[in-house]
Q: 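This is the structure, below, for whatever I ask next.
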Amino acid sequence: MTTTAHLSDTTTLLGRSLRHISRSPDTIITTAITPIAMLLLFVYVLGGSISVGQESYVNYLLPGILLITIASGISYTAFRLFTDVSTGLFERLQSMPITRSAVLWGHVLTSLVANAVSLVLVVLVGLLMGFRSGAGVVAWLGVVGLLALFTLALTWLAVIPGLTATSIDGVSGFSYPLIFLPFVSSAFVPTDGMPTAVGWFAEHQPVTSIVNTLRNLLAEQPVGDDGWIALAWCVGLLLVAYALAMRTYRRRIS
C-alpha cells in the first residue's frame, strides 16, 4: 500500500472513531471530571496548607492535573480498541482492503483529539479558578508539544492491553498506576519535603521532570535540564511503547 492509501485509510477510520465520540460526548466529560474534581479539592480544600513559595497553588498544581487528565483519557482508547477486538469488528476490518496499521492509527489519532478536548476543558476550569500564565507563543507551543508527545506515548502503551485484555476490568485497570504516579512526584507538593527514599524516587521518575518543564514553560522561566530529561522520557517511552504495540499487533493478526 502507498503512503497516500495509508493516509486515506487512517483518515477514514479516524472519522469513524470521532463520530462515535461525538454521539457519546460523555466519555470526554467523564475523562475531565476526575481531574477537575482533584483540581477543586486540592486548591480549595488542601491548598491552603501546602507551601509552594510565592507561586499560586493553582498555577503550581495545573501541570500535574493535565498529566492525570491524559492518563485518565487513554484508558478509553484501550477500551475502544478492546471493544473492536471483542466484538469481531477488528477481524472484519482486517479482512477489508485497507492498510493494516491504519486500524491502530485511527484509534491513536482519536486519542490525541479526545485528550486535547479534555485538556482544554481542564485549563478553562483552571482559568476560572485563577490560573494565569505569562507564557508567550513559543512557550505555549512547547507546552502543547510536550503534552502531545506524552499523550502519544501513553496511547501506544494503551494499545497493548486493548489488544490483549480478556475483560473490561483488565483493559481499564492498567491506567490506574499511571494516574497514581503523579502523586509521588512534584505535581502536588515539592519533593524536598518528602522522606529520603520517596523523594529520590519522585525526583527520578518521569512525571516530575515533565511537570517541572510544563510549570516553567507556563511561567516563562528557563526549563533547565528538566526540559531535556522530560523530552528524553517522552520520546523514549513513545519508541518503546510503539515497538511493543506493533509487535503485539503483528502477533494478534498473524
Side-chain angles (χ1 to χ4, degrees), residues 10-39 64-93 101-126 144 146-183 187 206-207 210 234 237-238 241-242 244-246 248-249 252:
T10 300
T11 302
T12 300
L13 293 172
L14 170 62
R16 165 188 169 269
S17 295
L18 291 178
R19 282 193 296 273
H20 287 176
I21 291 179
S22 66
R23 294 167 186 164
S24 182
D26 56 299
T27 57
I28 292 179
I29 296 172
T30 302
T31 298
I33 282 178
T34 298
I36 289 173
M38 288 184 182
L39 192 60
I65 295 296
L66 295 179
L67 297 194
I68 289 177
T69 304
I70 295 171
S72 177
I74 55 100
S75 64
Y76 283 97
T77 301
F79 174 75
R80 287 190 292 268
L81 187 53
F82 168 77
T83 301
D84 282 355
V85 171
S86 60
T87 58
L89 180 60
F90 188 79
E91 283 75 12
R92 184 179 176 184
L93 289 172
S101 61
V103 178
L104 293 186
W105 274 106
H107 283 285
V108 169
L109 294 179
T110 299
S111 175
L112 271 178
V113 174
N115 275 290
V117 174
S118 296
L119 289 171
V120 169
L121 290 175
V122 173
V123 170
L124 289 176
V125 172
V144 172
L146 190 57
L147 289 174
L149 268 178
F150 187 70
T151 303
L152 276 174
L154 292 195
T155 298
W156 279 108
L157 196 63
V159 166
I160 300 170
L163 291 171
T164 59
T166 57
S167 68
I168 293 179
D169 291 336
V171 77
S172 60
F174 93 98
S175 65
Y176 296 153
L178 301 177
I179 295 174
F180 174 76
L181 202 57
F183 287 91
V207 170
I210 297 171
C234 288
L237 180 59
L238 172 59
Y242 176 78
L244 291 176
M246 292 306 294
T248 303
Y249 178 58
R252 187 70 178 75

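What's counted below: heavy atoms across the whole structure, side chains too, no hydrogens, waters or symmetry copies. Along the sequence shown, the residues carry numbers beginning at 1.
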Q: For the residue pair Tyr242 and Val159, establish whether any side-chain heavy-atom pair is separated by less than 4.5 Å.
A: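 The answer is no; the side chains never approach within 4.5 Å.
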Q: Could you pull out the closest heavy-atom pair between Ile179 and Ala71, with the gap in Å?
A: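 Of all heavy-atom pairs spanning Ile179 and Ala71, the closest is CG1-CB, 3.8 Å.
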Q: For a side-chain contact (heavy atoms from CB on, under 4.5 Å) check, start with the C-alpha distance between Trp156 and Leu104, then their side-chain angles and the critical distance, and finish with the verdict.
A: CA-CA 9 Å; Trp156 279 108; Leu104 293 186; 4.0 Å; yes
Q: Between Cys234 and Ala153, which heavy-atom pair has the shortest distance, and what is it?
A: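 What the structure gives for the nearest pair is O-CB, 3.9 Å.
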Q: Hey, what do you get for CG (Leu152) to CG (Leu237), rounding to the nearest 0.5 Å?
A: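 Spacing of CG (Leu152) from CG (Leu237) equals 10.5 Å.
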Q: Kindly check if the number of other-residue, nucleotide or ligand heavy atoms within 6.0 Å of CZ (Phe180) is above 12?
A: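 Open: at most 12 neighbouring heavy atoms sit under 6.0 Å from CZ of Phe180.
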Q: Return all side-chain donor-acceptor pairs below 3.5 angstrom for residues 106-113, not counting sequence neighbours, or 'none' if the list is empty.
A:
{"unit_1": "His107", "atom_1": "NE2", "unit_2": "Asp84", "atom_2": "OD2", "d": "2.9"}
{"unit_1": "Thr110", "atom_1": "OG1", "unit_2": "Gly106", "atom_2": "O", "d": "2.7"}
{"unit_1": "Ser111", "atom_1": "OG", "unit_2": "Thr77", "atom_2": "OG1", "d": "3.2"}
{"unit_1": "Ser111", "atom_1": "OG", "unit_2": "Asn115", "atom_2": "ND2", "d": "3.1"}
{"unit_1": "Ser111", "atom_1": "OG", "unit_2": "Thr155", "atom_2": "OG1", "d": "2.8"}

Q: Leu157 and Leu244: side-chain contact (heavy atoms from CB on, under 4.5 Å), yes or no, with the steps?
A: CA-CA 8 Å; Leu157 196 63; Leu244 291 176; 5.7 Å; no
Q: Quick one: does Val122's side chain get under 4.5 Å of Ile68's, heavy atoms only?
A: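 Heavy-atom side-chain distance check fails, nothing below 4.5 Å.
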Q: Can you find a pair of side-chain heavy atoms, one from Thr69 and one from Thr34, that are under 4.5 Å apart?
A: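 A side-chain contact under 4.5 Å is absent here.
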Q: Could you walk me through whether Leu67 and Phe150 pass the side-chain contact (heavy atoms from CB on, under 4.5 Å) test, one step at a time?
A: CA-CA 8 Å; Leu67 297 194; Phe150 187 70; 3.7 Å; yes
Q: Nearest 0.5 Å, please: how far is OG1 in Thr164 from CG in Leu81?
A: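 Rounded to the nearest 0.5 Å, the CG-OG1 separation comes to 9.5 Å.
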Q: Within this structure, what is the CG-OG1 distance for the pair Leu154 and Thr151, rounded to the nearest 0.5 Å?
A: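 Those atoms lie 7.0 Å apart.
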Q: Start with the C-alpha distance between Leu146 and Ile210, add both sets of side-chain angles, then the distance that settles side-chain contact (heavy atoms from CB on, under 4.5 Å), and finish with yes or no.
A: CA-CA 8 Å; Leu146 190 57; Ile210 297 171; 4.1 Å; yes
Q: Under 4.5 Å between any side-chain heavy atoms of Val120 and Leu124, yes or no?
A: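 When only atoms from C-beta onward are counted, Leu124 and Val120 do touch, with a gap below 4.5 Å.
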Q: Quick one: does any side-chain atom of Ser75 pair with a main-chain N or O of Ser72 as donor and acceptor, under 3.5 Å?
A: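 A pair under 3.5 Å: yes.
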Q: Indicate the atoms forming the closest heavy-atom contact of Gly64 with Ala187, along with that distance.
A: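 For Gly64 versus Ala187, the nearest heavy atoms are CA-CB, 3.8 Å.
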